[in-house]
**Q** 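Sending over a structure as structure tokens; questions will come in a sec.
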Amino acid sequence: MNRAAIINGMYEAMHAALGPSRWWPGDTPFEIAVGAILTQNTNWGNVEKAIANLKARELLSARAMLALDPAELAGLIRPAGYYNIKTARLRNFLFFLKDEAAFEIESLKVHVLDELRDKLLAVSGIGPETADSILLYALEMPTFVVDAYTHRLMRRHGLVHDEIDYHELRALFMDALPEDVALYNEYHALIVRTGKEWCRKKTGLCAACPLQPFLDICP
DNA sequence: TTCCTGCGCA
DNA sequence: TGCGCCGGAA
């Protein structure tokens, strides 16, 4: 079985074992984008607390959040960690929405994927994973999201070399899969769920993992 | 103590 | 290439 077939097979195995994920958790495209920034290297449970704080103050709109004093914003997102950095990153993104979309995130859909991706990457604080998360989950554009779980899972299975970078890994999935927003959405969700549950950082619980049949090497 | 859907900067 | 950023839960 070649690597593209393995990638397709892994999806089937996870989907069969775990079922639909209904991602991204978030009520609006703007909330999803905010969540994508807040969850950088951060447990989602802590992000939920920060989003709940914003929601309680009715601040989950680009205009309202940009009008807020940065120190107050930092206080509200404090549970998500890195709150000073993330305040700056959120504000960079809010200024971007103001300039590029007149505060209406969905109007960004007028751009073609590659151009919008470059624009997002030019915002300080939005790297490749955050950009792809916003594009796929908030704007429903066909880009594959790679994260630490994706790296770890593919390395444990001996399917990629250790030093593979984000761009290469993303291309690997996008070349192996049909261009399909729903499929990319669900595949990344399944990887995260599998990563949290079985493909843990220190020791993988490989024997019980849905991807066990695809295991070559398990350290 | 470890880990968490990263990122920018020195 | 390494390092700081940071709170909260297990």
Side-chain angles (χ1 to χ4, degrees), chain A residues 10-11 14 18 20-26 29 31-54 70-96 117-139 143-156 160-170 172-174 181 183-205 209 211:
Chain A
M10 291 194 308
Y11 175 82
M14 289 190 291
L18 302 177
S21 305
R22 297 185 183 82
W23 266 31
W24 183 293
E31 180 179 334
I32 291 168
V34 169
I37 292 169
L38 291 178
T39 200
Q40 291 169 358
N41 201 35
T42 300
N43 186 295
W44 180 254
N46 291 348
V47 176
E48 285 184 320
K49 298 175 200 303
I51 292 196
N53 287 342
L54 295 170
E72 282 188 51
L73 179 56
L76 292 171
I77 67 169
R78 187 183 173 92
Y82 307 120
Y83 50 85
N84 290 316
I85 293 276
K86 285 175 179 174
T87 295
R89 290 178 180 177
L90 281 174
R91 288 175 56 81
N92 291 341
F93 178 63
L94 296 170
F95 280 116
F96 171 82
R117 190 170 189 273
D118 286 343
K119 284 175 180 284
L120 285 168
L121 290 174
V123 177
S124 181
I126 297 184
E129 183 186 341
T130 306
D132 285 328
S133 296
I134 292 171
L135 290 164
L136 178 62
Y137 289 103
L139 300 174
T143 185
F144 197 88
V145 179
V146 169
D147 66 349
Y149 290 122
T150 315
H151 273 104
R152 188 158 80 220
L153 192 155
M154 295 298 278
R155 269 190 277 111
R156 278 217 173 120
V160 298
H161 54 276
D162 286 1
E163 301 79 17
I164 189 167
D165 66 18
Y166 187 98
H167 177 76
E168 290 178 294
L169 202 41
R170 172 176 178 263
L172 183 62
F173 279 87
M174 292 182 70
V181 168
L183 174 62
Y184 292 171
N185 176 320
E186 184 62 15
Y187 205 141
H188 175 67
L190 288 168
I191 286 175
V192 173
R193 292 168 70 197
T194 299
K196 289 162 108 78
E197 185 84 20
W198 295 283
C199 204
R200 305 219 183 131
K201 190 160 189 179
K202 284 191 74 175
T203 52
L205 307 178
C209 178
L211 296 178

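In the text below, chain A, chain B and the rest are named by the order of the sequence lines, each starting its count at 1.
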**Q** Between B:dT2 and C:dC6, how far apart are the C1' atoms? Round to whole Å, please.
**A** 14 Å
**Q** Could you check how far CG of A:D165 sits from P of C:dT1, rounded to whole Å?
**A** 12 Å
**Q** Which residues satisfy the side-chain hydrogen bond (donor to acceptor under 3.5 Å, both in side chains) test with A:N46, sequence neighbours excluded?
**A**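 side-chain hydrogen bond (donor to acceptor under 3.5 Å, both in side chains) list for A:N46, sorted by chain: empty.
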**Q** Run through A:T42, A:N41, A:T87 and flag the one making a side chain to side chain donor-acceptor pair (under 3.5 Å) with A:Y82.
**A** A:N41
**Q** Donor-acceptor pair, A:K86 side chain versus A:A80 backbone, under 3.5 Å?
**A**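 Answer holds: yes.
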**Q** With no hydrogens and no angle check, just 3.5 Å: does a side-chain donor-acceptor pair link A:D147 and A:T150?
**A** yes
**Q** Calculate the interatomic distance between A:K49 atom NZ and C:dG7 atom P; express it in whole Å.
**A**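 About 14 Å, once rounded to whole Å.
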**Q** Might you list the N or O atoms of the protein lying below 3.5 Å from N or O atoms in nucleotides 2-5 of chain B, with each pair's distance?
**A**
from  : atom 1 : to     : atom 2 : distance (Å)
B:dC4 : OP1    : A:R152 : NH1    : 3.4
B:dC4 : OP1    : A:R152 : NH2    : 3.3
B:dC4 : O2     : A:N43  : N      : 3.0
B:dT5 : OP1    : A:W44  : N      : 3.3
B:dT5 : OP1    : A:K196 : NZ     : 2.6
B:dT5 : OP2    : A:Y149 : OH     : 2.1
B:dT5 : OP2    : A:K196 : NZ     : 2.9
B:dT5 : O2     : A:H188 : NE2    : 3.2

**Q** In whole Å, what is the span from the CD1 atom of A:I85 to the P atom of B:dC9?
**A** 9 Å
**Q** Calculate the interatomic distance between A:K86 atom NZ and C:dG7 atom P; express it in whole Å.
**A**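 Result: 11 Å.
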**Q** Is the backbone of A:G75 close enough, under 3.5 Å, to the side chain of A:Y83 for a donor and an acceptor to pair up by distance?
**A**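 It does not hold such a pair.
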**Q** Between A:R89 and A:I37, is there a donor-acceptor pair closer than 3.5 Å when you use the side chain of the first and the backbone of the second?
**A**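 Absent.
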**Q** Give A:I191 one of three labels, base, sugar-phosphate or nothing, depending on what nucleic acid heavy atoms sit under 4.0 Å from its own.
**A** nothing
**Q** What is the distance from CG of A:L121 to P of B:dG6, rounded to the nearest Å?
**A**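 To the nearest whole Å, that distance equals 16 Å.
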**Q** Using a cut-off of 4.0 Å on non-hydrogen atoms, how would the nucleic acid contact of A:T150 be classed: base, sugar-phosphate, or nothing?
**A** nothing
**Q** Would you measure the distance from the P atom in B:dT5 across to the matching atom in C:dC3 and give it in whole Å?
**A** 24 Å
**Q** Within this structure, what is the CG-to-C1' distance between A:L120 and B:dG6, rounded to whole angstrom?
**A**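 To the nearest whole Å, that distance equals 15 Å.
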**Q** Over how many whole Å does the gap from A:Y166 atom OH to B:dG6 atom C1' extend?
**A**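 The distance from OH of A:Y166 to C1' of B:dG6 comes to 11 Å, rounded to the nearest Å.
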**Q** Between the main-chain N or O of A:T143 and the side-chain N or O of A:D132, is there a donor-acceptor pair closer than 3.5 Å?
**A**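 Not a single qualifying donor-acceptor pair exists.
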**Q** If you check every side-chain atom of A:N84, which of B:dG6, C:dG8, C:dC6 has the closest atom?
**A**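 When the side chain of A:N84 is considered, C:dC6 is the closest of B:dG6, C:dG8, C:dC6.
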**Q** For the P atoms, the ones on C:dG8 and on B:dC7, what distance do you get once it is rounded to whole angstrom?
**A**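 Straight-line distance between the two P atoms is 23 Å.
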**Q** I need the CD1-P distance between A:I51 and C:dG7, as an integer number of Å.
**A** 19 Å
